[in-house]
Chemist: 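Take a look at the following structure, please.
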There are 2 protein chains.
Amino acid sequence: MLAQLSKGECTVSDLAKPFRDEMSLPAVTKHLKVLEKAGLITKSKDAQYRPCKLNADGLKEAADWMQEYRMFWEESFDRLDDYLKTVVAAEKKEKTKKPKGKKKKHASRK
Amino acid sequence: MLAQLSKGECTVSDLAKPFRDEMSLPAVTKHLKVLEKAGLITKSKDAQYRPCKLNADGLKEAADWMQEYRMFWEESFDRLDDYLKTVVAAEKKEKTKKPKGKKKKHASRK
DNA sequence: CCTATACTTAACTTATTCGTTAATTAACTA
DNA sequence: TAGTTAATTAACGAATAAGTTAAGTATAGG
């Protein structure tokens with residue numbers, strides 16, 4: 001729906017059309033209500049129609065917010081990568097050792 | 001919990017300890033069950049204890065999966081950025097024009 | 001054998017998400 | 001004015017997430 005709106009203002013039923021067989025109109029109304037509350041879109045009046053458009057300010061806020069987390073996510077990716085590299089390396093080493101070595105006891109649990 | 005496990009195998013109660021006042025032990029059991037089902041950890045038996053460890057294969061799969069979506073997310077970020085640039089530009093232009101111009105009618109809705 | 005410890009299972013609660021159908025409001029139009 | 005179209009509201013429901021308490025199982029160890 002946001003993608004649709006990025007091409008220009010349009011009405012509730014226009015936005016609903018692509019989802020005709022997936023959800024009802026009231027469902028769309030509700031969906032739009034959360035987008036509106038979230039400040040991502042605005043609705044206005046034109047006779048029976050409620051033309052919707054993207055809200056630049058809200059989108060900017062959202063983008064800024066995501067931008068913050070983007071780093072966090074990427075760091076997480078990198079940490080996972082690091083972790084996997086060490087694990088995979090450890091496993092390769094494991095395989096070159098004798099396959100039936102002593103089982104390592106875990107640390108004492110008292 | 002995954003972070004904890006990345007430092008080495010440990011038991012259910014060890015994993016639960018940092019969350020003592022946030023959730024009960026059964027809650028932890030359940031949480032671990034979903035991590036196990038998701039293939040991110042494995043559990044074994046040692047007397048009453050159930051030592052858990054990270055599952056490298058599962059984590060690798062998860063990382064690969066995320067890697068795929070990473071691009072999608074970043075593209076989305078970029079598209080948002082692009083969109084915002086054009087919108088902000090458009091708004092600046094708007095402000096330099098006479099503030100009380102003709103209201104543009106929306107496209108006919110028949 | 002008895003009991004404490006580690007953990008699990010069962011049964012239930014509570015809140016939220018995401019939808020539904022039916023009725024309602026508002027405005028256009030023949 | 002009567003009917004149609006656009007959208008919303010009301011009332012409800014199913015599914016899921018994420019916990020809770022209380023009871024049960026398995027094992028170690030005095």
Chemist: Could you check how far NE2 of A/His31 sits from C1' of D/dT8, rounded to whole Å?
Modeler: 17 Å
Chemist: Would you kindly give the NZ-to-P distance between A/Lys45 and C/dC28, to the nearest whole Å?
Modeler: 11 Å
Chemist: Go through the steps for B/Arg50 and B/Thr29 under the test side chain to side chain contact (heavy atoms under 4.5 Å, CB included), then give the verdict.
Modeler: CA-CA 10 Å; B/Arg50 297 298 122 93; B/Thr29 293; over 6 Å; no
Chemist: Quick one: is C/dT9 close enough that its OP1 or OP2 comes under 4.0 Å of any side-chain N or O from B/Lys33?
Modeler: yes
Chemist: Answer yes or no: are there more than 12 heavy-atom neighbours, outside A/Lys53 itself, under 6.0 Å from its atom NZ?
Modeler: no
Chemist: Looking only at the side chain of B/Arg50 (C-beta and beyond, no hydrogens), which of the listed nucleotides C/dC28, C/dT8, C/dT20 gets closest?
Modeler: C/dT8
Chemist: Ignoring backbone atoms, establish whether A/Thr29 has a side-chain N or O less than 4.0 Å from OP1 or OP2 of D/dT8.
Modeler: yes
Chemist: Please give, in whole Å, the distance from D/dT21 P to B/Met23 CE?
Modeler: 12 Å
Chemist: Let me know the distance between CZ of A/Arg20 and P of C/dG19, rounded to the nearest Å.
Modeler: 17 Å
Chemist: Can you check the A/Glu22 CD to C/dT17 C1' distance for me, whole Å?
Modeler: 17 Å
Chemist: Please report the distance, rounded to the nearest Å, between CG in B/Leu35 and C1' in D/dA18.
Modeler: 14 Å
Chemist: Looking at B/Glu61, I'd like to know if its CD atom is crowded, meaning that more than 12 non-hydrogen atoms belonging to other residues, nucleotides or ligands lie closer than 6.0 Å.
Modeler: no
Chemist: Among the candidates C/dT9, D/dT5, D/dA26, find the nucleotide nearest to the side-chain atoms of B/Gln48.
Modeler: D/dA26
Chemist: How many Å lie between CZ on B/Phe19 and C1' on D/dG19, as a whole number?
Modeler: 15 Å
Chemist: Using a cut-off of less than 4.0 Å, is there contact between a side-chain N or O of B/Lys43 and OP1 or OP2 of C/dT8?
Modeler: yes
Chemist: Using whole Å, report how far CG of B/Leu25 lies from C1' of D/dT25.
Modeler: 14 Å
Chemist: Both A/Lys30 and B/Val28 contact DNA chain C. Which one's nearest nucleotide lies toward the 5' end?
Modeler: B/Val28
Chemist: Carefully, step by step, assess B/Lys60 and B/Asp57 under the rule salt bridge (Lys or Arg N to Asp or Glu O under 4.0 Å).
Modeler: CA-CA 5 Å; B/Lys60 170 130 181 49; B/Asp57 290 347; over 6 Å; no
Chemist: Any idea which heavy atoms bring B/Cys10 and B/Leu15 closest together, and the distance?
Modeler: SG-CD2, 3.5 Å
Chemist: What nucleotide, of D/dA28, C/dA22, C/dT8, holds the atom closest to the side chain of B/Ala47?
Modeler: D/dA28
